[in-house]
Number of protein chains: 2
Amino acid sequence: MVALRPLQALRLWQQVCLAEVRDDMPDLTERQMAILLTVYLDPPPHTVRGLAEKLKVTKPVITRALDTMGAMKLLARHRDERDRRNVLIRRTVEGALFVERIGDVVVANAAELPL
Amino acid sequence: MVALRPLQALRLWQQVCLAEVRDDMPDLTERQMAILLTVYLDPPPHTVRGLAEKLKVTKPVITRALDTMGAMKLLARHRDERDRRNVLIRRTVEGALFVERIGDVVVANAAELPL
DNA sequence: TGCAATCGTTTCGGTTCCGTATCATTACGC
DNA sequence: GCGTAATGATACGGAACCGAAACGATTGCA
């Protein structure tokens with residue numbers, strides 16, 4: 001449990017967004033970010049259908065996000081050999097580094113919050 | 001100063017993104033979010049040029065973001081009467097409510113963080 | 001008064017994303 | 001085997017975004 005006041009929360013959100021925009025990081029949409037973090041934080045396996053349900057979006061949204069982030073090497077697709085209809089979404093080294101960096105940015109900005 | 005561990009930070013970021021995606025809120029890009037929060041948190045006046053410098057992006061990026069978020073009534077443009085070349089970006093009631101809601105989501109998710 | 005500088009907008013070609021609908025592949029019950 | 005269900009990918013028209021460059025409007029200085 002982390003105590004955070006509304007103004008602190010907004011300031012934190014602003015600073016992190018500013019940091020990502022200024023550093024010209026891959027400009028992920030909020031949906032892509034939600035997918036990426038879910039894959040890296042929630043226990044596997046992750047499927048297109050599962051992610052679509054979790055985010056309450058349609059499957060093409062997930063497919064396209066995987067196309068984009070796959071090209072960025074942030075995620076990888078693998079066919080499920082036990083049920084070849086499924087596609088399993090797995091982590092990559094590059095993605096892990098990227099996610100880790102986001103966490104560091106949030107932590108750093110949280111530490112510098114006034115009040 | 002708010003103490004936050006990396007895993008907590010990532011979990012917080014994920015939960016907030018998930019909440020926004022699931023609730024079908026206006027799907028702002030990270031740039032738009034940075035602009036919106038800056039206008040509402042930093043002291044006025046805000047100009048296109050000033051925001052472009054602060055975010056290290058080009059001016060058309062700001063103009064387009066103002067078009068989009070202006071149509072959503074999240075921000076308003078006003079011509080500066082003292083120097084009519086300038087456009088002042090101002091807050092709106094709808095935008096204030098939207099920003100306030102974001103802060104609440106962050107606070108609520110921070111309060112529920114494990115560990 | 002004329003001219004250069006400043007400001008925000010617009011245009012251009014190209015890319016990405018959206019939602020809906022449809023498609024190919026695979027699995028499973030009859 | 002055959003049809004049905006389920007999964008992920010694709011096609012489509014439309015919308016938004018990008019960076020670079022050009023543009024009109026406004027200012028201020030010579």
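- Shown here are the side chain to side chain contact (heavy atoms under 4.5 Å, CB included) partners of B:Asp83, two or more places apart in sequence or in another chain: B:Asp80, B:Arg85, B:Asn86.
- The distance between atom CE of B:Met33 and atom P of D:dC17, rounded to the nearest whole Å, is 14 Å.
- Residues of residues 34-49 of chain B having a heavy atom closer than 4.0 Å to DNA chain C, listed by number: B:Thr47, B:Val48, B:Arg49.
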Give me, pair by pair, the N or O atoms of the protein and of nucleotides 17-21 of chain C that are less than 3.5 Å apart, along with how far apart they are.
from: C:dC17; atom 1: OP1; to: A:Gln32; atom 2: NE2; distance (Å): 2.8
from: C:dC17; atom 1: OP1; to: A:Thr68; atom 2: OG1; distance (Å): 3.0
from: C:dC17; atom 1: OP2; to: A:Thr68; atom 2: OG1; distance (Å): 2.8
from: C:dC18; atom 1: OP1; to: A:Arg31; atom 2: NH1; distance (Å): 2.8
from: C:dC18; atom 1: OP2; to: A:Arg64; atom 2: NE; distance (Å): 3.4
from: C:dG19; atom 1: OP1; to: A:Arg31; atom 2: NH2; distance (Å): 3.1
from: C:dG19; atom 1: OP2; to: A:Arg31; atom 2: NH1; distance (Å): 3.4
from: C:dG19; atom 1: N7; to: A:Arg64; atom 2: NH2; distance (Å): 3.2
from: C:dG19; atom 1: O6; to: A:Arg64; atom 2: NH1; distance (Å): 3.2

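- Residues from residues 78-85 of chain B that place a heavy atom under 4.0 Å from any atom of DNA chain D, listed by number: B:Asp83, B:Arg84, B:Arg85.
- Residues satisfying the side chain to side chain contact (heavy atoms under 4.5 Å, CB included) criterion with A:Pro60, sequence neighbours excluded, are A:Thr58, A:Arg64.
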Sequence neighbours left out, cut at 3.5 Å: what donor-acceptor pairs do the side chains of residues 69-78 of chain B make with other protein atoms?
from: B:Arg77; atom 1: NH2; to: B:Asp67; atom 2: OD1; distance (Å): 2.2
from: B:His78; atom 1: ND1; to: B:Arg90; atom 2: NH2; distance (Å): 3.4
from: B:His78; atom 1: NE2; to: B:Arg90; atom 2: NH2; distance (Å): 3.4

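- By the side chain to side chain contact (heavy atoms under 4.5 Å, CB included) test, B:Lys56 is found to be paired with A:Arg22, residues two or more places apart in sequence or in another chain being considered.
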Between A:Thr29 and A:Met33, is a side-chain contact (heavy atoms from CB on, under 4.5 Å) present by the stated rule, with each step listed? CA-CA 6 Å; A:Thr29 68; A:Met33 185 68 76; over 6 Å; no
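- Rounded to an integer number of Å, the gap from A:Leu28 CG to C:dT16 C1' is 13 Å.
- What separates CD1 of A:Ile62 from C1' of D:dG8 is a distance of 11 Å, to the nearest Å.
- If you take CD of B:Glu30 and P of D:dC18, they are 12 Å apart, rounded to a whole angstrom.
- In this entry the distance linking CG of B:Leu51 with P of C:dG8 reads 9 Å, nearest Å.
- When rounded to the nearest whole Å, the span between CG of B:Asp67 and P of C:dT10 equals 7 Å.
- Looking at residues two or more places apart in sequence or on another chain, you find a side chain to side chain donor-acceptor pair (under 3.5 Å) between B:Arg11 and A:Asp42, B:Gln14.
- In this structure, CG in A:Leu4 is found 8.0 Å from CG in B:Leu4, a value given to the nearest 0.5 Å.
- Linking ILVMFWY side-chain heavy atoms closer than 4.5 Å, directly or via other members, places B:Leu18 and A:Val57 in a single hydrophobic cluster.
- Scanning for salt bridge (charged side-chain N to carboxylate O under 4.0 Å, His left out) contacts around B:Arg84 gives B:Glu81, with sequence neighbours left out.
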Would B:Leu41 and A:Trp13 count as a side-chain contact (heavy atoms from CB on, under 4.5 Å) here? Give the steps. CA-CA 11 Å; B:Leu41 293 178; A:Trp13 212 257; over 6 Å; no
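- Taking atom CD1 on A:Ile89 and atom C1' on D:dT7, their separation rounds to 11 Å, with Å as the unit.
- Scored by the side chain to side chain contact (heavy atoms under 4.5 Å, CB included) test, A:Leu51 finds A:Ile35, A:Thr38, A:Val39, A:His46, A:Ile62, A:Ile89 as partners (sequence neighbours excluded).
- Residues A:Leu113 and B:Leu10 share a hydrophobic cluster, clusters being chains of Ile/Leu/Val/Met/Phe/Trp/Tyr side chains in contact below 4.5 Å.
- Between the side chain of B:Glu20 and the backbone N or O of A:Glu30 there is no donor-acceptor pair closer than 3.5 Å.
- An OP1 or OP2 oxygen of D:dG8 is reached within less than 4.0 angstrom by no side-chain nitrogen or oxygen of A:Thr63.
- The terminal axes of the helix from C:dT1-D:dA30 to C:dC30-D:dG1, fitted over 5 pairs per end, subtend an angle of 0° to the nearest 10°.
- Here A:Asn86 reaches the OP1 or OP2 of D:dG8: one of its side-chain N or O atoms lies under 4.0 Å away.
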Under 3.5 Å, side-chain donor or acceptor atoms of residues 95-107 of chain A against the rest of the protein: list the pairs with distances, not counting sequence neighbours.
none

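- What separates NZ of A:Lys59 from P of D:dT7 is a distance of 7 Å, to the nearest Å.
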